[in-house]
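First up is the structure itself, then whatever we jot down about it.
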Amino acid sequence: MERLDRFMARANAAYYATHDPFRDFTTSPEISQVFGEILGLWAAVSWASMGRPDPVLLVEAGPGRGTLMADAQRAVGSVAPGFGAALRLHLIETSPRLRAVQAKRLPQATWHDGLDTLPDLPLLLLANEFLDALPIRQFVRHGERWFERFVADGKFVECPESPPLSPLPQGEHPHVVELNEPALAIARALGDRLAARPGAALFLDYGPERSAAGDSLQALRAGRPADPLSTPGSADLTAHVDFAAFAAAARGAGAATFGPLPQGLLLARLGLFQRTDRLARTQSPARASALIEAARRLAEPDRMGRLFKAVALCSPGVPVPPGFA
Ligand code: SAH
């Protein structure tokens, strides 16, 4: 028997070590190159508003194939060469397999297992679909008592003796409550850092604006929902991100926070459609309509535009980051 977060950590470590995750699901940077380009420009504008520190860390957490950062760096190189020259690229990635994929596209990067080994420098951080892969705990209420979910033989087992949630969610609350302890620890660590030296971090992920409602654990195998508890390591396990709790943890440690905003709204404000149109004009008609369709997929509310959210964590006193005003 294994606590759900330990099961999920083990399953995802095995999954990311042995699979090409992008066979099982696709992500925004893989859908359109403009996604990474405008996030690179977001970082460049944030850097300028911090007073152009040189050197500055450009960090990505959970870079996958390295697509977002490759697109970001290309855009920065042509539009904001000063930022391009000042930035030092650092990647947070635990999968040796994905590190090797990233090294092919981003050979100048330095890799880390977590935030704590990053150099002490001003920081810009980007993370897309990183928090949703971190292991969660789940608590179930029966009457007035809370039980914690463990996994045994591919099934949930509820154990009453686990330490109770404090404080217990009151009033109207779902039957199942989720807790993403690593995400909250990252929010606190970033909050500490941002309070001590200048920086800004942008997280995009999927989840509701208010605290997570109910059981959101899911598995995708070959693009289809699968049983999250069977054959650990064969599917990607994710859970919705509780953005309100994430932002509150960062504020508690001293950061200013902005959002969450729907992804579609942020991308539109950052110029997704203008940049896509400009790029499309230089392409064949088939490629141009594919680019426009990709931008719509990222931004339309009934597609990825509303379920996905963006939240920014910043040093106190730094101007409102681009797209959040
Ligand atoms: N950001 C990419 C990939 C998302 S998949 C994209 O949008 O396409 C999740 C990424 O986070 C993978 O690179 C995975 O290996 C990494 N990851 C998962 N758990 C991690 C952890 N605990 N620490 C560091 N990286 C992790």
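Whatever order the structure lists them in is the order used to number ligands and atoms, beginning at 1.
The aromatic ring centroids of Phe156 and Phe150 lie 6.0 Å or more from each other.
Here the OG atom belonging to Ser46 is positioned 9.0 Å from the CZ atom belonging to Phe324, to the nearest 0.5 angstrom.
Residue pairs meeting the ring-ring contact (aromatic ring centres under 6.0 Å, His included) criterion with at least one member in residues 104-129, sequence neighbours excluded: His90-His112.
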Per-pair distances, ligand 1 N/O vs protein N/O, less than 3.5 Å:
| from | atom 1 | to | atom 2 | distance (Å) |
| --- | --- | --- | --- | --- |
| ligand 1 | 1 (N) | Gly62 | O | 2.6 |
| ligand 1 | 1 (N) | Asn128 | O | 2.7 |
| ligand 1 | 7 (O) | Thr27 | OG1 | 3.4 |
| ligand 1 | 7 (O) | Asn128 | ND2 | 2.8 |
| ligand 1 | 8 (O) | Thr27 | OG1 | 2.5 |
| ligand 1 | 13 (O) | Gly64 | N | 3.0 |
| ligand 1 | 13 (O) | Glu93 | OE1 | 2.6 |
| ligand 1 | 15 (O) | Glu93 | OE1 | 3.4 |
| ligand 1 | 15 (O) | Glu93 | OE2 | 2.5 |
| ligand 1 | 23 (N) | Thr94 | OG1 | 3.4 |

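Each of Leu313, Leu115, Leu58 was scored for a side-chain contact (heavy atoms from CB on, under 4.5 Å) with Leu125, with one residue passing: Leu115.
Members clustered with Val45: none, using a 4.5 Å side-chain heavy-atom cutoff among hydrophobic residues.
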Got a list of side-chain donor-acceptor pairs under 3.5 Å for residues 74-83, not counting sequence neighbours?
| from | atom 1 | to | atom 2 | distance (Å) |
| --- | --- | --- | --- | --- |
| Arg74 | NH1 | Asp71 | OD1 | 3.1 |
| Arg74 | NH2 | Glu37 | OE2 | 2.8 |
| Arg74 | NH2 | Asp71 | OD1 | 3.1 |
| Ser78 | OG | Ala75 | O | 3.3 |

